[in-house]
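Being a predicted model, the structure only gives us computed values, none of them experimental.
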Amino acid sequence: MARTLASRGCALDAACLLTEACVELAGVDAAGVLVTAGPARPRVIAATDSGLFDAFHAVQADLDLRTTTEEPGEPATVYAAPATRIGQWPRLARFAAAHGIRALCTVPMRAFGVPVGTLVLVCRRAPVLTAAELDAAHGWAVIAAAGMLADAAADALPNTASPLTQYGAFHDQITVWQAAGALAARRGVDIPTASAALRRHAVDDSQPLARSAREVLAWTPEARDAFSGDDRDARVAVVEADPFVSKCLAGMLREEGFEVITAATVHDARGQRANPPPVAVIDQLLPGAVEFGRDLAAGGTRVITMSAVPAGQPPPGAAVLLHRPIPPARVVAAVRRLHPAAREQVPA
């Protein structure tokens with residue numbers, strides 16, 4: 001989807017492709033993109049079910065969305081069972097009751113801090129969207145927003161050399177964002193990890209970042225060679241409930257050149273990837289962690305478990321057991337020692 005967005009220039013195409021991609025998610029029945037120009041009400045510029053979103057607009061359900069504050073940093077706001085929340089969301093409740101909607105999710109579309117629009121996902125079936133699906137929709141929305149913003153900027157620029165030079169730099173930045181999204185989708189990693197890999201590729205080849213980005217979008221033989229192949233699989237899964245610990249470990253591992261997949265629960269970790277990573281770091285006290293680690297090990301993953309229990313043996317399948325409190329550098333060293341793609345061997 002990300003690669004297709006990069007190949008089509010106008011904002012409407014980007015919005016249409018975004019909605020088409022989102023309805024491929026198991027929990028989504030319909031998707032639409034709302035944009036706002038000035039103080040006017042948002043208008044629907046793309047939808048997979050035009051009749052449904054015409055009704056959404058007719059009952060002014062978007063007004064409930066505008067008066068509800070999204071949590072900072074959250075990829076989406078989920079209006080679960082809006083039909084039962086008449087007092088809080090009267091218009092959404094009427095809309096949901098009339099159309100058999102179980103949940104409605106809104107995903108902010110921002111690029112470089114600029115709000116571009118809102119992606120609306122309609123769910124009629126159970127279960128509703130998983131955290132992994134919401135993350136995917138959010139990543140796609142960022143890519144589409146970047147394309148829409150670039151299109152708007154191009155329309156607004158006068159035909160002079162200086163603005164065109166500025167637009168060229170801006171367009172390169174958009175290309176890098178789109179390439180990061182394409183690479184994330186191809187490799188099954190998050191966008192920060194894909195961005196780090198793209199930067200490393202540009203440095204290793206001594207070329208501008210935008211050129212590496214264009215190679216990824218075109219998926220040239222050079223890009224396939226650089227970013228494909230089991231011998232280049234640098235993924236590490238970090239399954240840790242504490243967001244501070246997870247963020248710290250992920251940052252340090254990315255600095256070491258690894259591609260990091262994070263999950264706060266075993267359930268989220270199971271749903272994120274179809275193919276297991278070479279190394280996984282798992283909090284042993286999470287529900288289902290022992291069974292999950294054993295399953296990963298059976299598939300060839302080298303498992304590092306972290307436990308607050310002061311003594312004991314590694315659980316079945318685990319290669320290393322680290323007792324908390326653990327210096328993050330020691331966890332990183334254990335990953336480097338076990339990971340086949342590590343640049344050097346460092347003892348844990």
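Taking all atoms of both residues into account, the shortest heavy-atom contact from Ala334 to Leu322 is CB-CD1, 4.5 Å. Contact record, Ala319 with Leu338: CB-CD1, 4.1 Å, taken as the closest heavy-atom pair. Of all heavy-atom pairs spanning Val266 and Pro287, the tightest one is CG2-O, 3.4 Å. Considering all non-hydrogen atoms of both residues, Leu121 and Cys22 come closest at CD2-CB, 3.8 Å. Of all the heavy atoms in Pro278 and Arg235, the pair that sits closest is CD-O, 3.3 Å. Heavy-atom minimum distance, Ser307 versus Gln284: CB-OE1, 3.3 Å.
Remark: Thr265 engages Asp268 in a side chain to side chain donor-acceptor pair (under 3.5 Å) (not counting sequence neighbours). Residues passing the side chain to side chain donor-acceptor pair (under 3.5 Å) test with Ser212 are His201, Gln207, sequence neighbours excluded. By the side chain to side chain donor-acceptor pair (under 3.5 Å) test, Arg302 pairs with no residue at all, sequence neighbours left out. In this structure, Phe292 has no ring-ring contact (aromatic ring centres under 6.0 Å, His included) partners at least two apart in sequence or on a different chain.
With Glu133 contributing its side chain and Ala26 its backbone, the two residues share a donor-acceptor pair below 3.5 Å. In this structure, Arg43 contributes its side chain and His57 its backbone to no donor-acceptor pair below 3.5 Å. Judged by distance alone, with hydrogens and angles left aside, the side-chain atoms of Thr118 form no donor-acceptor pair with the main-chain N or O of Leu34 at under 3.5 Å. Formation of a donor-acceptor pair under 3.5 Å by the Asp29 side chain with backbone atoms of Arg124 is found in this model.
Residues in residues 283-296 take part in these salt bridge (Lys or Arg N to Asp or Glu O under 4.0 Å) pairs, two or more places apart or across chains: Arg270-Asp295, Asp283-Arg324.
Note: Arg254 CZ to Ser195 OG = 9.5 Å, rounded to the nearest 0.5 Å. Annotation: the span from Glu215 atom CD to Leu198 atom CG amounts to 9.5 Å, rounded to 0.5 Å. Going from atom CD1 of Ile143 over to atom CE of Met109 covers 10.5 Å, rounded to the nearest 0.5 Å.
With hydrophobic clusters built from ILVMFWY side chains whose heavy atoms lie under 4.5 angstrom apart, Ile45 shares a cluster with Leu119. If you chain together hydrophobic residues whose side chains sit under 4.5 Å apart, Val239 and Val260 never meet in one group.
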Extract all donor-acceptor atom pairs below 3.5 Å that involve side chains of residues 241-249 and protein atoms in other chains or at least two apart in sequence.
unit_1, atom_1, unit_2, atom_2, d
Asp242, OD1, Phe244, N, 2.9
Asp242, OD1, Val245, N, 3.3

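Between Thr19 and Phe53, the closest side-chain pair of non-hydrogen atoms is not below 4.5 Å. For the pair Leu104 and Phe56, the minimum side-chain heavy-atom distance is below 4.5 Å. At least one side-chain heavy atom of Gln178 sits less than 4.5 Å from a side-chain heavy atom of Leu217. Considering only heavy atoms from C-beta on, Pro277 comes within 4.5 Å of Thr301 through its side chain.
A side chain to side chain contact (heavy atoms under 4.5 Å, CB included) with Met306 is found for one member of Ile326, Val320, Val238 and no other, namely Ile326.
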